[in-house]
**Q** 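Take this structure first; my questions come after.
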Amino acid sequence: MKFLHAMQWKFNRNICIRGCLELAAIAVVYSVGCVLSNGNNLIAFLWMLVGCLGFFLYFSLSSRNLLDLRAILFASITGAVAVCQLRLSAIQVVWENETWLYQALGLAFFNIGYLLVNMTRLGQYAPAGEKREKQISRKITFGFKPKHVYHCAIFLAVMPIVLFCIQAKIKGFIPIFVQRYDAYTLFYTRLSIFINLVMFSAPLAFWCLKNLELKWWQRLIMYAIIPLPTIMFQLMVQRGLFVWSICILLVMVYFQNKHKFTSVLMVVALMLFGIVFSSAMRGIPADAMKSIWQIDDNIVISSPESSKPTDVTGPSDEVTQPGGADQNQQNNAIIIKVPEFLYAPYYYVINGMENFNHMVVNIEHHSMGLRQLTPFTVILRFPALKNMISQYPKFTILPSSTNCLISDFYYDFGVLGIVVESLLLGILSAIIQYFTQKKKDLFATLEYGVFLAVLLTAFFAAWFTEFGTWLFAGTAFLIFLYCYFSKRKELNREG
């Protein structure tokens with residue numbers, strides 16, 4: 001009831017004015033970027049990069065939070081848009097104006113949802129967290145049990161280790177020791193989804209070290225658990241899950257530490273090292289990447305005509321030969337050489353965004369919510385539902401079929417889907433950030449980590465139609481139930 005009372009909306013003139021200025025900034029950055037993309041793509045890249053840095057600094061400084069969810073989403077999407085403007089691959093084309101508009105709309109309505117929460121009583125005061133145990137019914141009590149966090153950390157470390165050993169025995173190999181770039185996919189079994197829950201063990205162990213009075217051997221166990229997710233995901237060569245685990249750990253470290261900036265730098269450095277290491281372990285030859293993604297060593301930075309593909313075979317946008325500028329355009333253009341180590345990072349940044357532009361151009365009918373049911377096919381396994389979803393085409397111009405965060409919003413309901421679902425995502429993000437930043441709630445901190453991972457990689461995948469996203473959010477909720485709810489102990493009555 002207190003939460004519902006706090007969510008009562010109250011008009012705030014200052015927040016409204018600030019919000020209008022923020023929306024105007026989004027409109028200016030994206031409209032100018034759209035115009036520049038039709039001219040010199042290097043200038044368009046620099047403009048959007050400045051916008052990316054500007055959004056991040058503004059939102060993070062205004063909230064005094066380096067992990068502010070608005071700052072992360074705006075930097076993620078705008079930064080990816082900037083990288084796409086380089087058009088280093090012959091497969092890439094100049095974006096449609098609608099693609100620019102829809103990206104801006106997604107950010108704008110996410111921001112509106114965020115501001116609506118700030119204009120409630122919830123966003124205008126920060127009451128102290130409730131520590132006292134409450135009786136919910138005759139047999140159930142509600143109250144935080146710190147020792148239960150220790151139990152969760154142990155369980156979420158031991159269970160994945162046991163399952164990983166079983167899976168390695170079944171498959172007969174561990175991906176990091178196999179010289180195949182697809183070894184991580186061959187290693188997958190149904191046990192994998194439970195192995196992946198190891199990502200929660202490290203942040204819970206860190207919380208225990210900071211907040212519980214542990215014996216020396218218990219502290220030793222907690223210290224041993226912290227690097228466990230990194231080790232296991234590197235053994236499985238799982239870059240994406242490694243990033244998710246680091247995001248959840250980063251949030252816990254950031255809000256539990258006094259030296260926040262140093263903490264962020266250390267964890268981000270670990271993340272970058274892990275990504276580079278696992279990328280090297282996958283061992284995809286540079287020539288293969290160059291051939292698949294049609295990246296030329298000599299890249300022309302000039303007009304969009306010089307970066308368009310020259311031979312497109314049909315609606316699937318399969319490109320048979322890398323395009324190139326004519327001789328006169330190349331003489332007047334800037335020529336750069338792309339280092340081989342940038343092939344994979346560049347591809348993963350542009351993949352979802354380019355596929356979204358391809359969807360905007362080619363989609364004829366929206367699925368009216370069918371795509372949002374995709375996670376249920378993993379649990380329910382209804383063949384009819386799976387067949388209905390598979391009937392709708394995938395719009396991809398690049399070899400990978402992933403799309404950016406708003407792509408499934410648009411796929412299901414068009415512009416209305418982007419507006420409504422971005423608004424709801426902004427509202428939910430603001431509520432989670434409030435309970436993490438103001439009330440230091442453990443459950444909210446874990447969900448904050450999940451949202452951070454989703455928004456940080458918003459350019460890469462439409463995470464809310466992935467089963468893993470709901471599995472991780474649900475796991476955090478189960479931790480909440482175990483740590484807060486318990487059976488009431490009956491007292492013996494005398495006489």
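We use all heavy atoms of the structure for the numbers below, so side chains are in, but hydrogens, waters and symmetry mates are not. Numbering of residues begins at 1 and proceeds along the displayed sequence.
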**Q** Could you pull out all residues at least two apart from W47 that satisfy ring pair (Phe, Tyr, Trp, His ring centres under 6.0 Å)?
**A**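 Ring pair (Phe, Tyr, Trp, His ring centres under 6.0 Å) check on W47 returns nothing, list empty.
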**Q** Output yes when a side-chain donor or acceptor of W470 lies under 3.5 Å from a complementary backbone atom of F464, and no otherwise.
**A** yes
**Q** Please report the closest heavy-atom contact between L73 and A458, naming both atoms and the distance.
**A**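 In terms of heavy atoms, the two residues are closest at CD1-CB, 3.7 Å.
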**Q** I'd like to check the side chain to side chain donor-acceptor pair (under 3.5 Å) partners of T99; sequence neighbours left out, ordered by chain and number.
**A**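 T99 satisfies side chain to side chain donor-acceptor pair (under 3.5 Å) with N357 once adjacent residues are dropped.
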**Q** Are F164 and F187, when compared by the centres of their aromatic rings, separated by less than 6.0 Å?
**A** yes
**Q** Can you find a pair of side-chain heavy atoms, one from C247 and one from L456, that are under 4.5 Å apart?
**A**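 Touching, per the 4.5 Å side-chain cut-off.
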**Q** Show your working on side-chain contact (heavy atoms from CB on, under 4.5 Å) between V419 and F409 and close with a plain yes or no.
**A** CA-CA 9 Å; V419 169; F409 300 167; over 6 Å; no
**Q** Is there a side-chain contact between V83 and M353 in this structure, where contact means two heavy atoms from C-beta onward sitting under 4.5 Å apart?
**A**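 No, every pair of side-chain atoms sits at 4.5 Å or beyond.
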**Q** Taking atom CZ of F45 and atom CG of L42, what is their separation to the nearest 0.5 Å?
**A** 7.5 Å
**Q** Given 3.5 Å as the limit, does a donor-acceptor pair link the side chain of D68 with the main chain of R64, or not?
**A**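 Side chain of D68 to backbone of R64: no pair is present.
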**Q** Kindly compute the distance separating CZ (F110) from CG (L405), expressed to the nearest 0.5 Å.
**A** 9.0 Å
**Q** Does a side-chain heavy-atom distance below 4.5 Å link W207 with L442?
**A** yes
**Q** Quick check against the 3.5 Å criterion: does N196 have a side-chain atom that pairs as donor or acceptor with the backbone of S192?
**A**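 Checked: pair present.
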**Q** Please list all pairs passing the salt bridge (Lys or Arg N to Asp or Glu O under 4.0 Å) test where one or both residues lie in residues 21-43, with sequence neighbours left out.
**A** R18-E22, E22-R70
**Q** Give the C-alpha distance, both sets of side-chain angles, the deciding distance and a yes or no for side-chain contact (heavy atoms from CB on, under 4.5 Å) between L428 and F451.
**A** CA-CA 10 Å; L428 190 56; F451 268 68; 3.4 Å; yes
**Q** How far does SG of C152 sit from CD1 of I479, to the nearest 0.5 angstrom?
**A** 5.5 Å
**Q** Has Q92 got a side-chain atom pairing as donor or acceptor with C84's backbone, closer than 3.5 angstrom?
**A**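 Yes.
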**Q** I want to check something: taking the side chain as every heavy atom from C-beta on, are E447 and F480 in contact at a cut-off of under 4.5 Å?
**A** no
**Q** Write down the atom of T457, the atom of A453, and the distance for their closest heavy-atom approach.
**A** OG1-O, 2.7 Å
**Q** Could you tell me which non-hydrogen atom of S37 sits nearest to which non-hydrogen atom of C34, and how far apart they are?
**A**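 Heavy atoms of S37 and C34 come nearest at OG-O, 2.7 Å.
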**Q** With a 3.5 Å distance limit and no angle check, can you tell me whether Y254 reaches the backbone of L66 through a side-chain donor-acceptor pair?
**A**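 Present.
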**Q** Let me confirm one number: the CG-CD1 distance from L204 to I248, rounded to the nearest 0.5 Å.
**A** 9.5 Å
**Q** Quick one: ring pair (Phe, Tyr, Trp, His ring centres under 6.0 Å) partners of F74, sequence neighbours excluded?
**A** F55, F59
**Q** Is the backbone N or O of Y58 less than 3.5 Å from a side-chain atom of S62, with the two atoms forming a donor-acceptor pair by type?
**A**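 Present.
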**Q** Indicate the atoms forming the closest heavy-atom contact of C52 with A75, along with that distance.
**A**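 Closest approach of C52 to A75, heavy atoms only: SG-O, 3.4 Å.
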**Q** Partners of D408 by salt bridge (Lys or Arg N to Asp or Glu O under 4.0 Å), sequence neighbours excluded?
**A**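 Scan of D408 (salt bridge (Lys or Arg N to Asp or Glu O under 4.0 Å), adjacent residues dropped) gives R371.
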**Q** Are the side chain of Y410 and the backbone N or O of Y102 linked by a donor-acceptor pair below 3.5 Å?
**A** no
**Q** Taking the side chain as every heavy atom from C-beta outward, state whether M199 and F242 have any atom pair closer than 4.5 Å.
**A**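 Answer no - side chains too far apart.
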**Q** Between I26 and A108, what is the shortest heavy-atom contact and its length?
**A**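 Looking at all heavy atoms of both residues, the shortest contact is CD1-CA, 3.8 Å.
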**Q** For the rings on Y448 and F255, is their centre-to-centre separation under 6.0 Å?
**A** yes
**Q** Is the closest side-chain heavy-atom distance between V450 and T475 below 4.5 Å?
**A**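 Counting from C-beta outward, V450 and T475 never come under 4.5 Å.
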**Q** Taking C-beta and beyond as the side chain, do K171 and L186 meet within less than 4.5 Å on heavy atoms?
**A**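 Counting from C-beta outward, K171 and L186 never come under 4.5 Å.
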**Q** Please give me the minimum heavy-atom distance between L423 and I112, naming the atom from each residue.
**A** CD1-CG2, 3.8 Å
**Q** Using 0.5 Å steps for rounding, measure from the CG atom of L446 to the CZ atom of F472.
**A** 13.0 Å
**Q** Which pairs, with at least one residue in residues 414-430 and sequence neighbours excluded, count as a side-chain hydrogen bond (donor to acceptor under 3.5 Å, both in side chains)?
**A** none
**Q** Can you tell me how far apart OG (S76) and CG (L69) are? Round to the nearest 0.5 Å.
**A** 12.0 Å
**Q** Take Y30 and V81 through the test side-chain contact (heavy atoms from CB on, under 4.5 Å) and record every step on the way to the result.
**A** CA-CA 9 Å; Y30 276 79; V81 170; 4.2 Å; yes
**Q** Heavy-atom count check: over 12 atoms from other residues, nucleotides or ligands less than 6.0 Å from Y188 OH?
**A** yes
**Q** Less than 4.5 Å apart, side chain to side chain, heavy atoms only: is that true for V35 and W100?
**A**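 No, every pair of side-chain atoms sits at 4.5 Å or beyond.
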**Q** Is T436 reaching over with its side chain to a backbone N or O of A444, donor-acceptor style, under 3.5 angstrom?
**A**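 Indeed, once roles are kept as given, a pair shorter than 3.5 Å links the two residues.
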**Q** Q433 side chain to Y114 main-chain N or O, any donor-acceptor pair under 3.5 Å?
**A** no
**Q** Which is it for L101 and V415 under the side-chain contact (heavy atoms from CB on, under 4.5 Å) test, yes or no, and what are the steps along the way?
**A** CA-CA 10 Å; L101 174 62; V415 179; over 6 Å; no
